[in-house]
Amino acid sequence: MLTPPPKDWQTRDRFLELHSRWMTLIGEHLQDDRGEILEYWRIEKADSAIVLPIQGDRILLPPPSFRPGIGRVTLDFPGGRVAEGQNPEQAAIAVLRRELGIESDAIAQLISLNTEGWAVNSSFSNQKLYGFVAQIESTVKFPPEFQIDTYPVTPVGVNRLLQALKCLQCRAILLEWRSTFAEIFRAME
């Protein structure tokens, strides 16, 4: 016997909508597939782009920065919001310019790790994360005002970087890149 497909949930009413330039907070009553009315809160935010920049045999990182959510300075990949009217690739290029001083003509290749975007927290937010790997031209010299930290593109270097990263989104990008290019790492071991 086949089970009928579940009914879609329905929005009964929206009792709150609070806008800021960073997000919109929404409170709604939803009716589930059994007819029960539930109160839900969610956030609508701009999508994010995070870039794993690689130059030759090293991964490039901006200086650590303060993260209010965990209350301390942490190491992260370059990243930021996808602005209205901008696509994720354009955001990735803008992030590299802002955080590492890398101009678009210095990017030899920009590889998307996920063209659909990953849901960051789908039960609470509509935000998606787009991950990129940027191959930076070997001749690029960084402006002195940008302090660049590096990790070697080796199994040991990547594992050390995974231990150093506290940002779950950055870790997801690094793990996806490592699994996508697993044959490179098998050859290095």
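Owing to the predicted nature of the structure, the values given are computational and were not obtained by experimental measurement. All heavy atoms count here, side chains included; hydrogens, waters and symmetry mates do not.
- Shown here for A92 and L110, the closest heavy-atom pair between the two residues is CB-CD2, 4.3 Å.
- By the rule that hydrophobic residues join a cluster once side-chain heavy atoms approach within less than 4.5 Å of another member, L175 and L161 end up as members of one cluster.
- Side-chain contact between F132 and I173 is absent, with no heavy-atom pair separated by less than 4.5 Å.
- Separating the CZ atom in R42 from the CD1 atom in I26 is a distance of 3.5 Å, to the nearest 0.5 Å.
- Rounding to the nearest 0.5 Å places CD of Q55 at 7.0 Å from OG of S138.
- With a 6.0 Å radius and a threshold of 12 heavy atoms from other residues, nucleotides or ligands, E84 has its CD atom at or below the threshold.
- A distance-only check finds no donor-acceptor pair linking the side chain of R12 to the backbone of E28 [under 3.5 Å].
- The local environment of CD in Q147 is sparse, with at most 12 non-hydrogen atoms from other residues, nucleotides or ligands closer than 6.0 Å.
- With contacts defined as side-chain heavy-atom distances shorter than 4.5 Å, the pair I136/L100 does not qualify.
- Listed for the N114 side chain is a donor-acceptor partner under 3.5 Å among the backbone atoms of L129.
- A continuous path of Ile, Leu, Val, Met, Phe, Trp and Tyr side chains, each step under 4.5 Å between heavy atoms, connects V133 with F77, placing both in one hydrophobic cluster.
- Counting heavy atoms from C-beta on, the side chains of M23 and Q127 never come closer than 4.5 Å.
- The backbone N or O of E36 sits less than 3.5 Å from a side-chain atom of D32, completing a donor-acceptor pair.
- L162 is connected to W118 through a chain of hydrophobic side-chain contacts under 4.5 Å among Ile, Leu, Val, Met, Phe, Trp and Tyr, so both are in one cluster.
- Residues D76 and S65 form a side-chain contact, since some pair of their non-hydrogen atoms from C-beta on lies under 4.5 Å apart.
- Of all the heavy atoms in T24 and H19, the pair that sits closest is OG1-ND1, 3.0 Å.
- Taking hydrophobic clusters as Ile, Leu, Val, Met, Phe, Trp and Tyr residues chained together by side-chain heavy-atom distances below 4.5 Å, V51 shares a cluster with F142.
- Ring-plane geometry between H29 and F15 is classed as tilted, the angle between the planes lying from 30 to 60 degrees on a 0 to 90 degree scale.
- A distance-only check finds a donor-acceptor pair linking the side chain of T180 to the backbone of E176 [under 3.5 Å].
- No side-chain donor-acceptor contact under 3.5 Å links Q169 to the backbone of I50.
- Hydrophobic clustering places V120 together with L174 (ILVMFWY residues linked when any side-chain heavy atoms are closer than 4.5 Å, directly or through intermediates).
- Expressed to the nearest 0.5 Å, how far CD1 of I93 lies from CD of E103 amounts to 11.0 Å.
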Practice task
Verify side chain to side chain contact (heavy atoms under 4.5 Å, CB included) between K166 and R72, making sure each step is shown before the conclusion.
Solution key: CA-CA 10 Å; K166 302 303 176 214; R72 65 182 177 152; 3.5 Å; yes
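- With rounding to the nearest 0.5 angstrom, the CD1 atom of I59 is 8.5 Å from the OG1 atom of T154.
- Residues P152 and R58 fail the side-chain proximity criterion, which asks for heavy atoms closer than 4.5 Å.
- The backbone N or O of N87 lies less than 3.5 Å from a partner atom in the side chain of Q90, making a donor-acceptor pair.
- Counting heavy atoms of neighbouring residues, nucleotides and ligands inside a 6.0 Å radius, atom CH2 of W41 exceeds 12 of them.
- Taking both residues in full, the closest heavy atoms of A91 and Q86 are given as CB-OE1, 3.5 Å, listed atom of the first, atom of the second, then distance.
- Under the 3.5 Å distance criterion, the side-chain polar atoms of E39 are left unmatched by any main-chain donor or acceptor of G27.
- In this structure, CG in L60 is found 12.5 Å from CD in E99, a value given to the nearest 0.5 Å.
- Side-chain contact between I102 and F146 is absent, with no heavy atoms from C-beta onward closer than 4.5 Å.
- Expressed to the nearest 0.5 Å, how far CD1 of I107 lies from CD of E137 amounts to 9.5 Å.
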Exercise for the section: Apply side chain to side chain contact (heavy atoms under 4.5 Å, CB included) to L165 and Y151, showing your working. Expected result: CA-CA 12 Å; L165 291 170; Y151 279 78; over 6 Å; no
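- Put simply, the side chain of R178 reaches to within 4.5 Å of the side chain of N159, judged on heavy atoms.
- Side-chain contact between D8 and Q10: absent, with no pair of heavy atoms (C-beta onward) separated by less than 4.5 Å.
- Of all heavy-atom pairs between S48 and R81, the closest is OG-NH1, 2.7 Å.
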